Amino acid sequence: MSNIASGWEGLIAEGEEILWQGQPNSRIDLRGLFNPQTLMGAFFTGFSLFWIAMAAQMMSGASNIPFPFRFFPLFGVPFLLMGLWMLGGRLIFEAYLRSQTYYTLTSRQAFIARNAFGKRTLESYKIRDMPRLTLEDGSPGSVIFAQSQRRTARRTQSGPVGFVQIDDPRRVYSLLDQARSDLRARARDKESKTR
């Protein structure tokens, strides 16, 4: 495609034109702190720190504790890690993933490429098949064009897919909308000629 997502060459068809390329904003999104997970994270972090401190204090006063029980304060560490993740670790992880994500819009497809943790992935979405477009205006803003389906043990969760946290979402939305209109008009013309 180009240097922004090098290594994906040969994926666009002849006559397919690149309209836009970019990357999401990789700053930590502090708006994510206004979330119920942050409150749970504060609770877990506080509780686990209290547990570790109290257990360590109990262990320091006793000298004849059997070997395995000396590690009793460490039972709070998983809760501490879970609390730190919910408190803000998830936001750092999301920012890292965005820094490893590349977007390309062509006259026929939208590509989302990611190169993280030694694994390269590429998702493509045909513009003609996009049922609707959503503009989340702002700086950064997002252009949503699909929904992902993720199955868990109990239910299926869906989430927005698109060019998220980009600097000029209105321009990208306009390019994508125009490309979709052009493709649909060409398909109608072709269909009317075959009748």
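Index from 1, following the sequence. Please read all numbers here as calculations on a predicted model, not as lab measurements.
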J.: Measuring from Arg171:CZ to Trp20:CH2, what's the distance to the nearest 0.5 Å?
T.: 8.5 Å
J.: Working to the nearest 0.5 Å, report the span between CD of Glu16 and CD of Gln109.
T.: 4.5 Å
J.: Have a look at Pro140 and tell me which of Asn25, Val164, Asp168 forms a side-chain contact (heavy atoms from CB on, under 4.5 Å) with it.
T.: Asn25
J.: Return the minimal non-hydrogen interatomic distance between Gln165 and Ser142, and the atom names on each side.
T.: N-OG, 3.0 Å
J.: Do Tyr103 and Pro24 have side-chain heavy atoms sitting under 4.5 Å apart?
T.: yes
J.: Nearest heavy-atom pair of Gly141 and Pro169: which atoms, and what distance?
T.: CA-CG, 3.7 Å
J.: Would you indicate whether the side-chain heavy atoms of Arg186 and Leu183 approach each other to under 4.5 Å?
T.: yes
J.: On a heavy-atom basis, which atom in Gly76 and which in Ser48 lie closest, and how many Å separate them?
T.: O-CB, 3.4 Å
J.: Go through it in stages, so that I can follow the logic: the residues are Leu175 and Gln178, the test is side chain to side chain contact (heavy atoms under 4.5 Å, CB included), and I'd like the CA-CA distance, side-chain angles, deciding distance and then a yes or no.
T.: CA-CA 5 Å; Leu175 288 168; Gln178 185 62 52; 5.9 Å; no
J.: From Glu123 CD over to Ile112 CD1, what is the distance, rounded to the nearest 0.5 angstrom?
T.: 5.5 Å
J.: Within the distance-only criterion (no hydrogens, no angle test), does the side chain of Ser107 pair as donor or acceptor with the backbone N or O of Glu17 below 3.5 angstrom?
T.: yes
J.: When rounded to the nearest 0.5 angstrom, what distance separates CG in Leu74 from CH2 in Trp51?
T.: 11.5 Å
J.: If you measure from CZ on Arg98 to CD1 on Ile166, what distance do you get to the nearest 0.5 Å?
T.: 13.0 Å
J.: What is the minimum heavy-atom distance between Gln100 and Ala116, and which atoms define it?
T.: CB-CB, 4.1 Å
J.: With a 4.5 Å cut-off on side-chain heavy-atom distances among I, L, V, M, F, W and Y, is there a chain of contacts connecting Leu87 to Leu80?
T.: no
J.: Hey, what else clusters with Trp85 if you join Ile, Leu, Val, Met, Phe, Trp, Tyr whenever side-chain heavy atoms sit under 4.5 Å?
T.: Met40, Phe43, Phe44, Phe79, Met82, Met86, Phe93, Tyr96, Leu97, Phe117
J.: If every non-hydrogen atom of Ile92 is compared with every non-hydrogen atom of Ile28, which pair is closest and at what distance?
T.: CG1-CD1, 3.8 Å
J.: So, Gln21 versus Thr104: side-chain donor-acceptor pair below 3.5 Å or not?
T.: yes
J.: Return yes if some donor-acceptor pair links the side-chain N/O of Gln23 with the main-chain N/O of Ser99 below 3.5 Å, else return no.
T.: yes
J.: With sequence neighbours left out, what residues match Gln37 under side chain to side chain donor-acceptor pair (under 3.5 Å)?
T.: Arg90
J.: Taking the six-membered ring for Trp and the full ring for Phe, Tyr or His, determine whether the centres of Phe111 and Tyr102 are under 6.0 Å apart.
T.: no
J.: Could you give me the CA-CA distance, side-chain angles and deciding distance for Ile127 and Leu105, then say whether side chain to side chain contact (heavy atoms under 4.5 Å, CB included) is met?
T.: CA-CA 9 Å; Ile127 293 174; Leu105 174 64; 3.7 Å; yes
J.: How long is the gap from CZ on Arg114 to OG1 on Thr101, to the nearest 0.5 Å?
T.: 3.5 Å
J.: Does CZ belonging to Arg170 count more than 12 external heavy atoms closer than 6.0 Å?
T.: no
J.: Would you please test Leu91 and Glu94 for side chain to side chain contact (heavy atoms under 4.5 Å, CB included) and show each step?
T.: CA-CA 5 Å; Leu91 302 178; Glu94 289 168 4; 4.0 Å; yes
J.: Using every non-hydrogen atom in the two residues, find where Phe145 and Phe163 come nearest and quote the distance to one decimal.
T.: CE2-N, 3.8 Å
